[in-house]
**Student:** 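Dropping the structure in here first, questions after.
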There are 2 protein chains.
Amino acid sequence: MRSFRRLAIALGLATAAVSAHASFRRPADAVHYRRAALLVMAHHTADLGAMLRGVRPFDAARARLDARVIETMSSLPWPAFGPGTDVAHTEARRSVWTEHARFLQDARRLQEATPRLVAAAQGGSIDQLRAAFGQTVHTCKACHDSFRH
Amino acid sequence: MRSFRRLAIALGLATAAVSAHASFRRPADAVHYRRAALLVMAHHTADLGAMLRGVRPFDAARARLDARVIETMSSLPWPAFGPGTDVAHTEARRSVWTEHARFLQDARRLQEATPRLVAAAQGGSIDQLRAAFGQTVHTCKACHDSFRH
């Protein structure tokens, strides 16, 4: 226990400590977290898309990694859009908070698409992967159209 | 193909396009990406640590998610510390580039620890999870001591 606490302080984790009721101590922490998770997801989406469009050579192992990262990321950003996190310097529209149920429904559509993306990346058929990727990015775009500036 | 390109432009992914030789178009893109991946990893490490230290109630499903995210993140940041990415406004020390083999060895130690963390989170024994978490964060700290300001 004590050694954990020392390690946590050494790693700078203690200052990022979470309360019993929320994952983020300050609204700014939620903003940084959700932006980071979305950036990682966007990077791997762009990477996979570039391979599927022929902009870079297709690499099956890399496609599997991209799909796995996208799937892992797809559940992370949404709890960081909680009450009180509608703060300045974000690309999120007010509608994220005023139409939160619809926002979460859009997020769920992405989360339903990404396991199929992982399965397609493991399956080995580029056509299936291209179809699953198309379905995934359509859910991204639908949500951005409603909820992002 | 054409519809992908339209979607990619709509999603802002086209501007993040990657070259055939590197994952990042500009050094700043690599910096943003590695910082984002490390921030997500740090958040879930802090969250899991807080549960294991008793700062917040232990939640087994949440611990499994934290472990899975940490494991996924543990392979991502390192390729973004490539040649030419030793640019301003980062916490990385010069040693990342001047002692790159040792840096990658430290990264590998983390990547060896995180599958055990996932297994322990799924196993259900808090003592085993605590031990696996301790081993994981020791690899974080060892690398930070050598390579982070």
Side-chain angles (χ1 to χ4, degrees), chain A residues 1-8 10-21 23-24 29 32-57 62 65 68-69 71-73 75-77 80 130 133-134 137-138 140-141 144-145 148, chain B residues 1-8 10-24 29 32-33 35-57 62 65 68-69 71-73 75-77 80 130 133-134 137-138 140-141 144-145 148:
Chain A
M1 277 304 211
R2 180 168 288 277
S3 71
F4 270 176
R5 184 160 163 68
R6 275 206 306 272
L7 258 176
L11 290 168
L13 299 178
T15 54
V18 290
S19 82
H21 299 293
S23 300
F24 304 98
D29 295 337
H32 292 150
Y33 172 82
R34 70 198 188 203
R35 289 179 68 94
L38 287 163
L39 186 151
V40 171
M41 184 152 58
H43 174 82
H44 288 273
T45 306
D47 192 63
L48 184 52
M51 287 195 286
L52 291 173
R53 290 201 318 276
V55 174
R56 61 182 304 148
R62 183 167 181 147
L65 174 70
R68 188 169 153 247
V69 174
E71 198 262 334
T72 301
M73 293 295 105
S75 72
L76 302 187
R130 198 170 272 135
F133 182 76
V137 295
H138 268 291
C140 301
K141 183 175 183 312
H144 291 175
D145 286 349
R148 195 178 73 166
Chain B
M1 276 305 209
R2 179 168 289 277
S3 71
F4 270 176
R5 183 159 164 67
R6 275 205 306 272
L7 257 175
L11 290 167
L13 298 177
T15 55
V18 291
S19 81
H21 298 295
S23 300
F24 304 98
D29 295 336
H32 292 152
Y33 173 82
R35 289 179 69 94
L38 288 162
L39 187 151
V40 171
M41 184 154 56
H43 174 82
H44 288 273
T45 306
D47 192 63
L48 183 52
M51 287 196 285
L52 292 174
R53 290 200 318 276
V55 174
R56 63 181 303 148
R62 184 167 180 146
L65 174 69
R68 189 169 152 247
V69 175
E71 198 261 335
T72 300
M73 293 295 104
S75 72
L76 301 187
R130 198 170 271 134
F133 182 76
V137 294
H138 268 291
C140 301
K141 183 176 184 309
H144 290 176
D145 286 349
R148 194 177 75 166

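By convention in this document, chain letters (A, B, ...) are assigned in the order of the sequence lines, proteins followed by strands, and residues within each chain are numbered from 1.
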**Student:** Below 30° counts as parallel, above 60° as perpendicular, anything between as tilted: where do the rings of A:Tyr33 and B:His43 land?
**Tutor:** tilted
**Student:** Counting only non-hydrogen atoms closer than 4.5 Å, does A:His32 touch chain B with its backbone (N, CA, C, O), its side chain (CB onward), both, or neither?
**Tutor:** both
**Student:** Excluding sequence neighbours, so at least two apart, what forms side-chain contact (heavy atoms from CB on, under 4.5 Å) with A:Ala37?
**Tutor:** A:Met73, A:Leu76, A:Pro77, B:Val40
**Student:** Please name all residues satisfying salt bridge (Lys or Arg N to Asp or Glu O under 4.0 Å) with A:Arg68, sequence neighbours left out, ordered by chain then number.
**Tutor:** B:Glu71
**Student:** Using non-hydrogen atoms and a 4.5 Å limit, figure out which bit of B:Leu38 sits close to chain A: side chain, backbone, both or neither.
**Tutor:** neither
